[in-house]
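Below you'll find the structure, written out as structure tokens, and then a few comments.
Note on naming: letters A, B, ... go to the chains in the order of the sequence lines (proteins, then strands), and numbering restarts at 1 for each one.
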Amino acid sequence: MAPSPTGFLHIGGVRTFLFNWLFARHHGGEFRLRIENTDTSREVAEAVEQIEESLRWLRLDWDGETTFQLDRMDDCRRVADQLVADGHAYEDEGAIRFRMPDEGVTAWDDAVRGRVEFPNDSLEDLVLVRSDGRPTYNFASPMEDVWDGITHVIRAEDHISNTPKQINIISAVGAALPVYAHVPNVNGADGKKLSKRHGATGVDEFRRAGYLPDALVNFLALLGWAPDGETTIMSRDELIERFSLERVTPSPAQFDYAKLDWMNGVYIRALPEDAFAHALILWLGEQGYEWDAVLVRKAAPLVQEKLSRLEEFPAYARFLFEDVQVDPAEIDGGAPVITAAKAALDGLEPFDAATIETALRGVVEELGLKPRQGFQPIRIAVTGSKISPGLFESIELLGRETTLARLSAAAS
RNA sequence: GGCGCAUUCGUCUAGUGGCCUAGGACACCGCCCUCUCACGGCGGCGGCACGGGUUCGAAUCCCGUAUGCGCCUCCA
């Protein structure tokens, strides 16, 4: 996998990454990370560290040291000189250009698309080495594939038209060709290249929004690939076991955020209670919340089946950590039930969810209210919101003192 | 404009000539469950881009058209 260090790792790039990783792990091969930094003018500081950090977060591990294209500048220049000497290339205004054949076709058997052919007369003589001495991507990339012993080049479909050029270069130096596999692009909802206006695009943004790495990996794997028509939820091991390039579809996919949200919810719910609490605490820490971890741990089971993203947690649980603002208009005639609830809870023993539920149901029944009519004003008074975790569990966690104070404030 | 790639429900896809009056999942709609939200259960809506061929038979094979996308940089 060969990203260029121009910023955060793009989610489309991750999908290509993932296919490479799954293929390598499935076959017990090696998965290499190479940074294509020949265009020094576009390089962004820290980008390499961010890319590596994103991959670690996703748990997509690579083999060996990360290599840098720029480190092979001298080797590339030597090859270019040799190509000139052999008549495969020539000098042009200080640069070195490769002489493309102008008859026949250049073709390969793409592992995803089958046979692809380009007429050679449509291939232009491309620059191998710029006039400032730096090799270009289309020269350095195939040469590194050769030097690194790359057997399979798995990349996005926008590289299809680069492939015949690279094939001709590799052929000219007399090396063996790798297998090429061009996987489909990932687009936004309008069929255009996935960009900011479609939503999150950087791995860091997905992390901040509270997506689980496993869910993201599972979702991405299904963009352009399916093991069959039925299976959607798959562990990493199952993904590795079942992945094959033959089953990658050639047509572009659109990134469906709604489906990702659903899948992330599936993964959140499947987490053991401890692991979910741990993920929550970690995420809150990363986002700068200073909420008590013990209380977060207790609140976690109340919300686990409600969340599709970790970032939804604060909206549900804020009332446990901070004071609430109650809009009197929302109480809307609920003062009697709030007052009665306060009386019922005062002195109630034990102060646990089951006992609280019995007491409050009694209050509601006595006032002749339907459960939903009766509980809603209490919920708003206690949590400050019309939407909350289970009322009785919430009150237990909040504690008697705070609950009574909030009920008093709302009833007055 | 040239070259290339692609085209099954709104979306992700299954389908490799008869098993397809096209299956699954997300989304959407309805009902049920229910203290809100969510989860869960049940049901519904909805698709082979178009036109020719090949064949006893085509979503599946061939040709053309249309549309979308990519590349055509001394970017990667």
Side-chain angles (χ1 to χ4, degrees), chain A residues 2-6 35-39 41-43 69 92-97 110 112-114 116-124 126-141 155-165 182 184-187 189-193 219 221-233 247 249-263 265-266 268-269 303-308 312 315-316 357 360-361 364 369-380 383 385-394:
Chain A
S4 54
T6 53
I35 304 296
E36 312 231 292
N37 57 345
T38 54
D39 185 6
S41 65
R42 291 208 310 164
E43 187 160 352
Q69 198 155 70
D92 176 31
E93 307 215 17
I96 298 176
R97 278 188 190 272
D110 197 282
V112 169
R113 286 150 211 277
V116 181
E117 292 188 352
F118 278 78
N120 284 334
D121 60 14
S122 71
L123 269 27
E124 300 205 347
L126 66 87
V127 171
L128 299 177
V129 180
R130 300 173 173 94
S131 51
D132 67 3
R134 285 154 40 230
T136 59
Y137 158 79
N138 266 316
F139 179 42
S141 188
R155 43 156 64 152
E157 66 178 308
D158 35 300
H159 284 289
I160 291 177
S161 39
N162 285 326
T163 304
K165 303 172 191 172
H182 290 94
N185 280 332
V186 176
N187 295 326
D190 53 3
K192 300 245 195 317
K193 201 171 167 151
F219 175 77
L222 259 17
L223 248 34
W225 174 79
D228 54 54
E230 316 291 313
T231 319
T232 51
I233 303 296
R247 288 196 66 86
T249 51
S251 52
Q254 292 187 21
F255 196 100
D256 185 352
Y257 291 90
K259 187 167 185 177
L260 204 214
D261 281 2
W262 164 78
M263 191 173 282
V266 171
I268 284 178
R269 276 172 250 129
V303 298
Q304 185 165 2
E305 71 171 21
K306 298 179 188 298
L307 302 188
S308 60
E312 293 167 347
Y316 276 109
E357 174 164 7
L360 290 183
R361 282 195 189 281
V364 166
L369 296 170
K370 288 180 180 167
R372 60 188 309 144
Q373 290 175 312
F375 292 134
Q376 202 60 354
I378 303 174
R379 179 193 319 284
I380 292 168
T383 71
S385 169
K386 286 190 274 195
I387 300 168
S388 80
L391 221 208
F392 319 117
E393 293 79 2
S394 294

Using nucleotides 45-47 of chain B, report all nitrogen or oxygen pairs with the protein that are shorter than 3.5 Å.
none

So which protein nitrogen or oxygen atoms get under 3.5 Å of nucleotides 60-63 of chain B's nitrogens or oxygens?
none

Given the [atom1] atoms of [N] and [M], what is the spacing between them in whole Å?
| N | M | atom1 | answer |
| --- | --- | --- | --- |
| C26(B) | U67(B) | P | 35 Å |
| C12(B) | A66(B) | C1' | 25 Å |
| A6(B) | G64(B) | P | 14 Å |
| C63(B) | U54(B) | P | 15 Å |

Original post:
Distance from Trp262(A) atom CH2 to Phe219(A) atom CZ, nearest 0.5 Å?
Top reply: 10.5 Å

Original post:
Counting only N and O atoms by type, is there a donor-acceptor contact under 3.5 Å from the side chain of Asp110(A) to the main-chain atoms of His182(A)?
Top reply: yes

Original post:
Does any N or O in the side chain of Thr136(A) come within less than 3.5 Å of the main-chain N or O of Val127(A), such that one atom is a donor and the other an acceptor?
Top reply: yes

Original post:
Is there a donor on the side chain of Arg113(A) or the base of C5(B) sitting less than 3.5 Å from an acceptor on the other?
Top reply: no

Original post:
Does any donor-acceptor pair link the side chain of Lys306(A) with the base of C37(B) at a separation under 3.5 Å?
Top reply: yes

Original post:
Starting at the 5' end of RNA chain B, which residue's closest nucleotide do you reach first, Arg247(A) or Phe219(A)?
Top reply: Phe219(A)

Original post:
Closer than 4.0 Å, any side-chain N/O of Arg372(A) to the OP1 or OP2 of U36(B)?
Top reply: yes

Original post:
Can you tell me the Watson-Crick or wobble partner of G46(B), both distances under 3.5 angstrom?
Top reply: none

Subject >> Counter-base of G4(B), judged by Watson-Crick or G-U geometry with both distances under 3.5 Å >> reply: C69(B)

Subject >> Carboxylate-amine/guanidinium proximity below 4.0 Å for Arg134(A) and Asp132(A) >> reply: yes

Closest approach of [X] to [Y] (non-hydrogen atoms, all atoms of both residues):
| X | Y | answer |
| --- | --- | --- |
| Ser141(A) | Glu36(A) | OG-OE2, 3.7 Å |
| Arg113(A) | Glu157(A) | NH2-CB, 3.5 Å |
| Arg130(A) | Thr38(A) | NH1-O, 3.8 Å |

Original post:
Considering only A14(B), G40(B), A25(B), which nucleotide approaches the side chain of Thr232(A) most closely?
Top reply: A25(B)

Subject >> All side-chain contact (heavy atoms from CB on, under 4.5 Å) counterparts of Gln373(A), not counting sequence neighbours >> reply: Leu369(A), Lys370(A)

Just the atom pairs and distances: protein N or O near nucleotides 18-23 of chain B's N or O, under 3.5 Å.
{"unit_1": "G23(B)", "atom_1": "N2", "unit_2": "Gly229(A)", "atom_2": "O", "d": "2.9"}

**OP:** Can you check each nucleotide of nucleotides 64-76 of chain B against protein heavy atoms at under 4.0 Å and return B for base, S for sugar-phosphate only, - for none, in 5' to 3' order?
**Re:** -----SSS-SBBB

Original post:
Can the ring centres of Phe392(A) and Phe375(A) be said to be less than 6.0 Å apart?
Top reply: yes

Subject >> Separation of C37(B) P from Glu393(A) CD (nearest whole Å) >> reply: 16 Å

Subject >> More than 12 heavy atoms from other groups under 6.0 Å of CZ on Arg372(A) >> reply: no

Just the atom pairs and distances: protein N or O near nucleotides 26-33 of chain B's N or O, under 3.5 Å.
{"unit_1": "C26(B)", "atom_1": "O2'", "unit_2": "Lys259(A)", "atom_2": "N", "d": "3.4"}

